[in-house]
Amino acid sequence: MNADRRARFPYLVVAMPSPGFEPRVLELSDGTKVHVRPIVPEDEPLLIDAVAAMSERSVYFRFFSPLKRLPDALAHRLAVVDYNDRFALVATTHKSSERIVGVARYDRVVGTDVAETAVAVVDEFQRRGLGSALLTILGKVARDHGIKTFTLIVLPENQQMLGLLRKMGWIHYAKLTGGVYEISFDLPESA
């Protein structure tokens, strides 16, 4: 890691494989700035804190379960990725200490160019453009890694996520099955 990058992103001093994504600062619609970078295994406790900061409704929409606390084993699984077939981006703030405020991830279906995706944003950062920005950035990373289609499952009551996907023009297929929407969309060439 070069000195300039180390100075701008000191939390990335941890040795990690080159994930094909350069950390950046993103300005949200209200002017708030967040750092966007690949997840690292050391983010496990920050993921637990991020889920704890989410409303019960947001946790339920993301995990389809009313989790009181993100289990350690799940935090580990979410934080440890291979930066190719499993990739995740985190958006962080650094007021007094680093805090995760948004996550976007994909997991490739083995042997295909399709990946399941998920996005979660801490409630106080919702409706500022963070979810769509993370999904757009993740789409570009996925395309660079040979993924052409994202799939996801969304609860019908999660109108915010359904609206986000409609606004982005990315819903190409949606089917209501077993009380959830199964959605898939091809990633734009320019993603």
Side-chain angles (χ1 to χ4, degrees), residues 1-2 5-28 32-54 58-59 61-65 67 69-110 114-126 128-147 150-153 161 164 187 191:
M1 177 182 311
N2 68 38
R5 183 173 178 207
R6 194 172 18 257
R8 286 186 4 228
F9 303 102
Y11 45 87
L12 288 182
V13 172
V14 175
M16 64 185 230
S18 174
F21 177 82
E22 186 67 30
R24 61 192 73 167
V25 174
L26 181 67
E27 187 170 332
L28 305 181
T32 302
K33 292 187 173 144
V34 296
H35 298 262
V36 178
R37 62 171 174 78
I39 201 165
V40 292
E42 291 75 15
D43 285 330
E44 283 182 42
L46 297 180
L47 285 173
I48 291 168
D49 292 345
V51 170
M54 294 169 70
S58 291
V59 170
F61 284 166
R62 170 57 184 93
F63 296 101
F64 302 91
S65 176
L67 297 175
R69 180 184 186 280
L70 187 66
D72 292 343
L74 181 54
H76 178 77
R77 185 181 136 350
L78 295 174
V80 177
V81 298
D82 66 9
Y83 303 104
N84 184 47
D85 293 334
R86 296 186 68 236
F87 195 99
L89 295 169
V90 293
T92 64
T93 61
H94 297 86
K95 297 284 184 210
S96 56
S97 63
E98 186 176 29
R99 178 177 165 225
I100 292 176
V101 296
V103 180
R105 66 179 316 101
Y106 72 73
D107 290 88
R108 185 190 307 259
V109 176
V110 178
V114 176
E116 185 175 340
T117 190
V119 178
V121 175
V122 171
D123 294 66
E124 69 184 272
F125 282 80
Q126 292 177 6
R128 299 189 200 184
L130 181 56
S132 60
L134 287 173
L135 194 55
T136 299
I137 295 167
L138 186 70
K140 166 112 178 64
V141 172
R143 284 298 273 184
D144 291 348
H145 292 151
I147 292 169
F150 272 171
T151 64
L152 69 157
I153 296 172
M161 184 61 169
L164 167 72
L187 296 171

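Predicted model only: the values in this text are computed from it and were never measured.
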Non-hydrogen side-chain atoms of [X] and [Y] separated by less than 4.5 Å:
X: Phe21; Y: Ile137; value: yes
X: Ile147; Y: Arg108; value: yes
X: Val121; Y: Arg128; value: no
X: Leu47; Y: Ile100; value: yes

Between [atom1] on residue [X] and [atom2] on residue [Y], distance to nearest 0.5 Å:
X: Arg69; Y: Asp49; atom1: CZ; atom2: CG; result: 8.5 Å
X: Glu124; Y: Thr93; atom1: CD; atom2: OG1; result: 8.0 Å
X: Leu138; Y: Thr117; atom1: CG; atom2: OG1; result: 5.0 Å
X: Asp43; Y: Ile48; atom1: CG; atom2: CD1; result: 11.0 Å

Identify the heavy atoms of [X] and [Y] that sit nearest to each other, and give their distance.
X: Arg62; Y: Val119; answer: CD-O, 4.2 Å
X: Ser132; Y: Leu164; answer: CB-CD1, 3.1 Å
X: Thr32; Y: Phe125; answer: CG2-CE2, 3.9 Å
X: Gly139; Y: Leu187; answer: O-CD1, 3.8 Å
X: Val103; Y: Leu134; answer: N-CD1, 3.9 Å
X: Asp123; Y: Ser58; answer: OD2-OG, 3.0 Å

Check your understanding: Aromatic rings Tyr106 and Phe150: how do their planes relate, parallel, tilted or perpendicular, breaks at 30° and 60°?
Key -> tilted

Check your understanding: Any donor-acceptor pair under 3.5 Å linking the side chain of Arg86 with the backbone of Val80?
Key -> yes

Exercise for review: Report yes or no: does Arg37 contribute a side-chain atom to a donor-acceptor pair with the main-chain N or O of Thr92 at less than 3.5 Å?
Suggested key: no

Exercise for review: Any chance you could lay out the side-chain contact (heavy atoms from CB on, under 4.5 Å) test for Val51 and Val59, step after step, and finish with the verdict?
Suggested key: CA-CA 7 Å; Val51 170; Val59 170; 3.9 Å; yes

Exercise for review: Just do the side-chain contact (heavy atoms from CB on, under 4.5 Å) check on Leu78 and Arg105 with the steps written out, would you?
Suggested key: CA-CA 9 Å; Leu78 295 174; Arg105 66 179 316 101; 3.7 Å; yes

Exercise for review: Output, in order, the C-alpha distance, side-chain angles, deciding distance and verdict of side-chain contact (heavy atoms from CB on, under 4.5 Å) for Phe87 and His145.
Suggested key: CA-CA 10 Å; Phe87 195 99; His145 292 151; 3.9 Å; yes

